Amino acid sequence: MKYDHKKIEKKWQGYWEKNRTFEVDEDSDKKKYYCLDMFPYPSGDGLHVGHPEGYTATDIFSRYLRMHGYNVLHPMGWDAFGLPAENFAIKKSVHPSTTTKKNIDHFRTQIKSLGFSYDWNREVNTASEEYYKWTQWLFLELYTHGLAYKKKAPVNWCPSCQTVLANEQVENGVCERCEHTVVQKELEQWFFKVTQYAEQLLNDLDSLDWPDPIKNAQRNWIGKSEGSLLQFPLVGKNVPTYRYVLLHGYDGSPDGIFFPWLKKELEKRGSSVTVPKLPHSDTPQEQEQVDYVLKHCKFDQCTILFGHSLGAVIALKVAEKLSSPIAGLVLAGGFIENNFRDQPRPFDSTFSWKFDFEKITRNAGNIKIISEQNDYAIPREQGRKIQAALGGSLTEVAGEESHFIGEKEPALLAHLAPTISVFTTRPDTLFGATYMVIAPEHPLIMDKKLGIENHAEVSAYVSNTKKKSERERLHLQKEKTGVELKGVRAVNPATGKEIPIWIADYCVASYGTGAIMAVPAHDQRDFEFAKKFGLPITMVICPHYPAPTCPVRDEAYIGPGHLVESGQFTGMASTEATHEITNFAGGVTKINYKIRDWLISRQRYWGAPIPIIYCEACGEVPVPQIDLPVFLPTDVDFRPTGESPLTRSASFHDVKCPSCGAHARRESDTMDTFVCSSWYFLRYSSAHSANAPFEKEKIEYWLPVDMYVGGAEHAVLHLLYARFITKALRDMGYLNFSEPFSRLRNQGLILGEDGEKMSKSRGNVINPDEIIELYGADTMRLYEMFMGPFEDAKPWSTKSIIGIRRFLEKVWRVYECQRDRIKWTESKILEKMIHKTVKKVTEDIVTFKFNTAISALMICTHALTDTHAKGEKIPISYLEKFILLLSPFAPHMAEELWQGLGKTDALAFHPWPTYDPTFLEEEMYKLIIQINGKVRDSIEISKETTEDEIKKIALGRETTQKWLEGKTISHVIVIPNRLINIVVE
RNA sequence: GCCCGGGUGGUGGAAUGGUAUACACGAGGGACUUAAAAUCCCUUGCCGUAAGGCUUGCGGGUUCGACUCCCGCCCCGGGUACCA
């Protein structure tokens with residue numbers, strides 16, 4: 001009978017489906033293993049030959065583990081939301097849901113035709129209501145835990161796709177999908193607070209069995225750097241100087257927390273500062289304290305009144321009582337209601353919580369409200385309430401300590417005095433900071449009060465930068481441009497000298513503080529800029545100390561050394577100076593990350609709607625869980641206009657506020673598809689659960705994923721987001737593990753026959769259906785595994801597939817010929833061979849070296865064929881072992897042959913064959929004889945041969961003698977069981 | 001620029017300090033056949049008639065011995081982009 005792959009493959013695929021062979025349940029008696037593929041986006045092009053590469057690897061691994069008694073969860077699903085379906089819909093007027101359904105059906109058929117052992121009962125589809133309901137649930141959970149927030153942000157806007165792109169979807173300034181130039185636009189956007197987990201996302205990488213390049217890419221993406229935050233005061237003839245009155249809080253004093261530091265910093269800037277010691281600070285009386293302040297402090301149009309905590313309340317009361325306006329009122333960690341997050345305080349009887357806001361507003365001048373992000377005492381909404389009552393600007397910042405009780409609080413200083421904050425990793429070079437640079441987007445430029453004299457020139461530079469797309473910036477290479485701000489200068493906090501401030505696009509707004517101290521002698525970029533614009537370059541780190549001089553070089557010196565020209569620090573090692581100078585300059589040490597919060601809003605139709613409702617009265621209201629899902633309406637005109645398509649659906653858009661019942665509107669943006677894929681691996685555990693995204697017991701049994709396989713293109717985005725969501729859900733109490741994927745392996749790219757990346761435009765795309773039709777699924781699976789190392793990129797070769805097909809036919813023939821004459825027989829050669837093969841294949845599967853495993857199967861097959869050709873019979877147990885070894889790779893043929901041997905049990909769960917190492921031991925070995933490291937001869941000898949005997953035998957050989965003639969032996973090296981090297985002359 | 005990979009026959013690749021080129025494709029030759037296909041066998045790194053010499057991107061080094069370890073360089077692929 002001929003090997004008929006079509007008949008056999010159809011037969012066994014039907015068998016597995018009918019018998020639900022690969023459907024699994026929790027079974028506490030068995031060890032679990034969760035083996036997962038990255039689920040595909042079901043594109044209209046159908047399956048690509050790259051897909052089965054990873055799927056085959058996980059299938060081999062899953063089948064291997066089942067044969068070791070593991071309960072293997074091996075699921076498949078669809079990452080079904082996304083732009084291509086919507087773009088196709090716009091072009092062809094077919095609804096995305098129709099296209100997606102069709103594509104999924106096609107993908108499923110194609111994947112099933114390869115005979116993978118998936119549990120199809122757990123299939124998930126991110127675009128289904130049953131799934132995105134829980135994606136919305138996830139959003140709400142993040143929202144209620146403060147991990148989802150909205151803010152106006154400059155976003156990457158693709159004019160062609162008419163959508164916002166995440167930073168990571170922009171490549172070289174163009175859209176990663178359509179390659180149009182991306183522009184900047186300001187929009188209200190939803191974010192997930194990934195930055196809150198930056199440190200954990202970095203540290204936990206160490207515990208993972210992932211490829212090093214992937215871990216590295218994530219480390220670089222998170223981009224941790226340690227440095228200092230330094231304040232550079234602004235001066236200039238138009239920059240005003242103020243007189244400050246600083247009011248401490250409940251149980252505080254002028255000597256407490258940041259007050260001494262703040263006073264000193266302000267005085268350094270030439271201001272006078274009064275910090276009154278408020279009477280009875282531990283049992284404060286409103287009247288007494290207000291009167292004290294009014295009596296002991298002077299208020300005029302140059303005064304800035306500052307209050308911290310309860311001091312802010314006093315400041316408000318003082319402002320209320322003034323007869324003429326002051327320059328400004330700054331409230332830090334302030335409040336206007338007597339309730340606190342942590343514990344009650346005894347202000348009720350001694351304070352009146354009534355304020356004449358109108359009068360305060362009239363007297364207070366410029367009002368700034370600063371709340372602390374993680375304030376333990378003051379409720380979050382207090383900042384907003386004060387702003388609602390008084391107006392002014394509200395900023396939420398992270399203090400050095402909760403409620404601003406650190407010894408230094410630079411954020412407060414920055415709001416009190418005109419100051420530029422910079423982040424630097426090299427505070428040791430501060431004495432060499434000869435100028436400053438701020439980014440074109442820096443808010444300082446918009447500050448009219450500073451009196452920038454060349455405003456026209458500066459504005460021209462700013463708008464020029466905005467016009468320059470990212471791509472143009474790249475084309476201009478590293479040519480530095482910039483404009484000096486006239487009429488305003490900064491003071492180097494170490495030298496006390498005034499230095500110029502420049503605006504230049506080599507300083508980017510999105511990192512650090514958007515401003516830098518420029519140290520041209522020790523930073524290459526600053527060096528180039530200083531050279532171009534003739535700015536002073538001062539060496540402050542000398543590599544060879546002590547040296548008589550430390551001349552400026554042709555490039556920046558970035559290494560370590562000893563300080564010179566650095567006042568009291570001269571002579572100190574640069575490494576040591578880092579902390580010393582930070583303290584001296586009144587700065588604080590700070591850790592900065594490159595990673596930004598995850599922008600998840602998309603102005604698109606084909607995604608999960610963000611479950612938020614906007615109400616005039618109640619503000620932003622989350623959709624109650626019971627109302628989920630927020631259905632994606634089907635009757636929407638989704639053609640792109642720049643607005644979210646959902647705003648054009650009145651039935652979707654107009655709703656009642658869940659909180660007050662008034663007329664309200666829905667959020668019309670949808671979520672980034674990466675949100676859907678950041679939790680799907682949890683859903684597989686409980687794919688049918690209607691009442692929860694996943695069930696606790698099931699999660700505890702199956703998760704985390706033990707082996708995850710997919711393309712390296714997801715090195716940062718998907719994997720980082722999934723890790724973030726896992727940690728967030730863990731902290732909410734839903735999960736008891738920190739990392740979703742314990743082991744990760746990346747499949748290498750399959751290139752076209754021309755060695756280039758497969759693409760429609762190149763016309764080098766291979767259709768897997770044709771290969772399966774012609775050669776069969778087993779051949780396809782084996783070929784993709786045999787091409788080369790799993791993780792390497794490798795070119796497709798249709799020509800070479802025939803070799804795999806020949807191999808399978810050869811296996812088939814061995815069994816055909818043996819079928820009627822099988823019986824036990826002795827054969828030493830085959831015994832060794834079969835044990836060797838079991839060992840090699842077993843080791844290679846666990847290390848993902850499938851190509852050499854297949855090579856071992858081929859070698860074994862040759863031996864079987866040879867034995868048969870000699871008219872000898874092959875022991876049935878060897879034939880069985882061989883089928884078992886072959887079965888993870890070519891399961892259809894293996895099942896068929898297994899049945900042919902008269903077996904009735906399920907091959908899928910049959911124990912994996914074992915090998916006996918004693919059969920692998922050889923009595924004889926081939927001794928290599930080298931002379932001066934070159935192979936000259938070899939001889940079969942016994943393993944028992946001693947070193948001396950080896951020497952004698954080797955030296956006695958005629959061939960050896962020929963090479964040794966006329967030479968002197970200097971020494972001889974014998975490596976037992978391997979070789980002898982005779983070194984001559 | 002920086003960070004990762006990688007460079008071995010005509011081709012895909014094997015070998016992680018010990019016989020470089022396993023396995024497969026392709027090519028050449030042979031057997032079987034009326035013939036072809038299929039199958040089976042042999043040959044196949046390069047130079048050389050041969051003895052022999054040379055050979056893992058290039059140049060050095062360590063070692064009795066290096067594809068493998070170290071230093072310098074070249075080339076190819078991927079990621080990243082003035083990150084202070």
Side-chain angles (χ1 to χ4, degrees), chain A residues 2 168 171-173 211-217 219-221 223-225 227 422-426 429 433 437 439 470 473-474 476-480 504-508 510-519 522-526 528-529 592-595 712-713 715-716 748-749 751 753 755-757 782-783 786-789 791-804 806-807 809-810 813 849 851-859 861-862 865-866 869 926-938 970-975 977-984:
Chain A
K2 238 188 108 227
E168 42 278 28
E171 285 172 358
N172 288 333
D212 284 329
I214 301 285
K215 290 206 223 178
N216 239 313
R219 284 191 192 104
N220 290 339
W221 190 264
K224 179 179 181 173
S225 45
V422 302
F423 172 72
T424 177
T425 53
R426 294 296 303 273
T429 64
V437 182
E470 291 275 333
R473 282 203 202 184
L474 284 171
L476 294 170
Q477 293 280 307
K478 290 191 171 162
E479 186 60 29
K480 301 280 187 291
D505 63 4
Y506 87 88
C507 177
V508 296
S510 52
Y511 182 77
T513 60
I516 58 164
M517 66 178 212
V519 185
H522 305 292
D523 182 285
Q524 192 56 30
R525 296 152 300 179
D526 298 341
E528 285 162 21
F529 192 83
N592 221 332
Y593 299 92
K594 271 197 256 183
I595 192 170
E713 66 273 18
V716 271
L749 210 58
L751 306 167
E753 302 215 51
E756 302 289 325
K757 208 168 160 174
L782 274 160
Y783 174 65
F786 187 64
M787 287 171 78
E791 306 218 343
D792 286 8
K794 42 214 172 270
W796 180 270
S797 166
T798 302
K799 233 181 184 177
S800 301
I801 299 172
I802 192 68
I804 294 292
R806 279 183 200 148
F807 160 64
E809 286 177 357
K810 201 165 180 167
R813 256 179 275 122
K849 287 157 80 176
N851 54 336
T852 47
I854 293 166
S855 158
L857 290 170
M858 286 172 167
I859 292 168
T861 306
H862 290 319
T865 307
D866 283 351
K926 194 160 130 195
L927 176 80
I928 302 302
I929 301 169
Q930 293 185 336
I931 293 165
N932 279 352
K934 290 197 193 302
V935 180
R936 295 304 181 191
D937 201 1
S938 68
S970 64
H971 57 295
V972 178
I973 284 122
V974 178
I975 310 293
N977 295 333
R978 236 179 249 278
L979 59 75
I980 173 167
N981 189 10
I982 302 158
V983 187
V984 296

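All figures in this text were calculated on a predicted structure; none of them were measured in a lab. Proteins get letters first, then strands, A, B, ... in listed order; numbering begins at 1 in each.
Looking at heavy-atom distances under 4.0 Å, A:Thr865 makes no contact with the nucleic acid at all. The residue A:Ile928 sits close to a base: some heavy atom pair falls under 4.0 Å. In this structure, A:His862 reaches the sugar-phosphate backbone alone: every heavy-atom distance under 4.0 Å involves primed, P, OP1 or OP2 atoms, never a base. Backbone-only engagement by A:Thr424 is indicated by non-hydrogen atom pairs under 4.0 Å involving sugar-phosphate atoms exclusively. Within 4.0 Å (heavy atoms only), A:Asn220 reaches sugar-phosphate atoms of the nucleic acid but no base atom. Among the atoms of the strands shown, only primed sugar atoms or phosphate atoms (P, OP1, OP2) are found under 4.0 Å from some heavy atom of A:Thr852. At a threshold of 4.0 angstrom between heavy atoms, the contacts of A:Gln930 include nucleobase atoms, whether or not backbone atoms are also involved. Within the 4.0 angstrom heavy-atom criterion, no nucleotide atom of any strand lies near A:Asn977.
Minimum atom distance to the side chain of A:Tyr506 is reached by B:C82, of the listed B:C83, B:C82, B:G18. Counting only heavy atoms from C-beta on, A:Ser225 has its side chain closest to B:A84 among B:G18, B:A20, B:A84. The listed nucleotides are B:A20, B:U39, B:C64; the one nearest the side chain of A:Val935 is B:A20. Nearest to the side chain of A:Ile859, among B:A15, B:C82, B:A22, sits B:A22. In this structure, the nucleotide among B:C4, B:C64, B:U39 sitting nearest to the side chain of A:Glu809 is B:U39. Across B:A24, B:G26, B:C82, the shortest atom-to-atom separation from the side chain of A:Met858 is found for B:A24. With B:C25, B:C83, B:A84 as the choices, the nucleotide that has an atom nearest any side-chain atom of A:Ser800 turns out to be B:C25. Comparing atom distances between the A:Pro795 side chain and each of B:A84, B:U39, B:G13 picks out B:G13 as nearest.
For B:A14, one of the phosphate oxygens OP1 or OP2 lies less than 4.0 angstrom from a side-chain nitrogen or oxygen of A:Asn851. The phosphate of B:C40 has OP1 or OP2 within less than 4.0 Å of a side-chain N or O from A:Lys810. A:Ser855 has no side-chain polar atom (N or O) that falls below the 4.0 Å cut-off from OP1 or OP2 of B:A14. Distances shorter than 4.0 Å separate none of the side-chain N or O atoms of A:Arg936 from OP1 or OP2 on B:G65. OP1 or OP2 of B:C40 lies within a sub-4.0 Å distance of a side-chain N or O belonging to A:Arg813. Residue A:His971 places no side-chain N or O under 4.0 Å from the OP1 or OP2 atom of B:U63.
Per the geometry, CD belonging to A:Glu528 stands 9 Å off C1' belonging to B:C82, to the nearest Å. When rounded to the nearest whole Å, the span between NZ of A:Lys215 and P of B:G5 equals 13 Å. We find that CD1 of A:Ile980 is positioned 15 Å from C1' of B:U19, with the value rounded to whole Å. The separation between A:Ile931 atom CD1 and B:G52 atom C1' is 14 Å, rounded to whole Å. Protein atom OH of A:Tyr783 is 14 Å distant from nucleotide atom C1' of B:C23, rounded to whole Å. Regarding A:Asp792, its CG atom lies at a distance of 11 Å from the C1' atom of B:G12, rounded to whole Å. If you take CZ of A:Phe786 and P of B:C23, they are 10 Å apart, rounded to a whole angstrom. In this structure, the OH atom of A:Tyr511 is 14 Å from the P atom of B:A81, given to the nearest Å.
Using the Watson-Crick or G-U wobble rule with both distances under 3.5 Å, B:C69 pairs with B:G61. With a cut-off of 3.5 Å on both pairing distances, the Watson-Crick or G-U wobble partner of B:G5 is B:C76. The partner of B:C54 is B:G45, judged by Watson-Crick or G-U wobble contacts that both fall below 3.5 Å. Nucleotide B:U39 forms a Watson-Crick or G-U wobble pair with B:A31, both donor-acceptor distances falling under 3.5 Å. Judged by Watson-Crick or G-U wobble contacts below 3.5 Å, the nucleotide B:C23 has B:G12 as its partner.
Within the model, atoms CE of A:Met858 and CZ of A:Phe786 stand 4.0 Å from one another, a figure rounded to the nearest 0.5 Å. Rounded to the nearest 0.5 angstrom, A:Ser938 OG and A:Leu927 CG are separated by 8.0 Å.
Against the 90° criterion about 0, the sugar-base torsion of B:G61 places it in the anti range.
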**OP:** Using the side chain to side chain contact (heavy atoms under 4.5 Å, CB included) rule, take A:Cys507 and A:Phe529 through it: C-alpha gap first, then chi angles, then the decisive distance, then the call.
**Re:** CA-CA 11 Å; A:Cys507 177; A:Phe529 192 83; over 6 Å; no
**OP:** Let me see the working for A:Met517 and A:Thr429 under side chain to side chain contact (heavy atoms under 4.5 Å, CB included), right down to the final yes or no.
**Re:** CA-CA 10 Å; A:Met517 66 178 212; A:Thr429 64; 3.7 Å; yes
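Rounded to whole Å, the separation between the C1' atoms of B:A38 and B:A31 comes to 14 Å. As rounded to the nearest Å, B:U19 and B:U68 have C1' atoms that lie 16 Å from one another. With both ends at atom P, the span from B:G60 to B:A14 equals 29 Å, rounded to whole Å. The C1' atoms of B:A50 and B:C64 are separated by 31 Å, rounded to the nearest whole Å. Atom C1' of B:G61 sits at a distance of 11 Å from the matching atom of B:A66, rounded to the whole Å. Comparing the C1' positions of B:U63 and B:G10 gives an interatomic distance of 35 Å, to the nearest angstrom. Separation of the C1' atoms belonging to B:G6 and B:C58 is 16 Å when rounded to the nearest angstrom. B:C67 and B:C82 have their C1' atoms separated by 40 Å, with the value rounded to a whole Å.
Nearest-nucleotide positions on RNA chain B place A:Pro789 closer to the 5' end than the other of A:Asn932 and A:Pro789. The 5' end of RNA chain B is approached more closely, in terms of each residue's nearest nucleotide, by A:Gly788 than by the other of A:Arg978 and A:Gly788.
Formation of a donor-acceptor pair under 3.5 Å by the A:Lys794 side chain with backbone atoms of A:Asp792 is found in this model. When atom types are taken as modelled, the side chain of A:Asp523 and the backbone of A:Ala518 share no donor-acceptor pair closer than 3.5 angstrom. Checked by atom type and distance alone, the side chain of A:Gln930 never pairs as donor or acceptor with a backbone atom of A:Leu979 at under 3.5 Å.
Judged by the 6.0 Å distance and 45° axis criteria, A:Lys480 is positioned over the aromatic ring of A:Tyr506.
Taking all atoms of both residues into account, the shortest heavy-atom contact from A:Asn932 to A:Val983 is OD1-CA, 3.4 Å.
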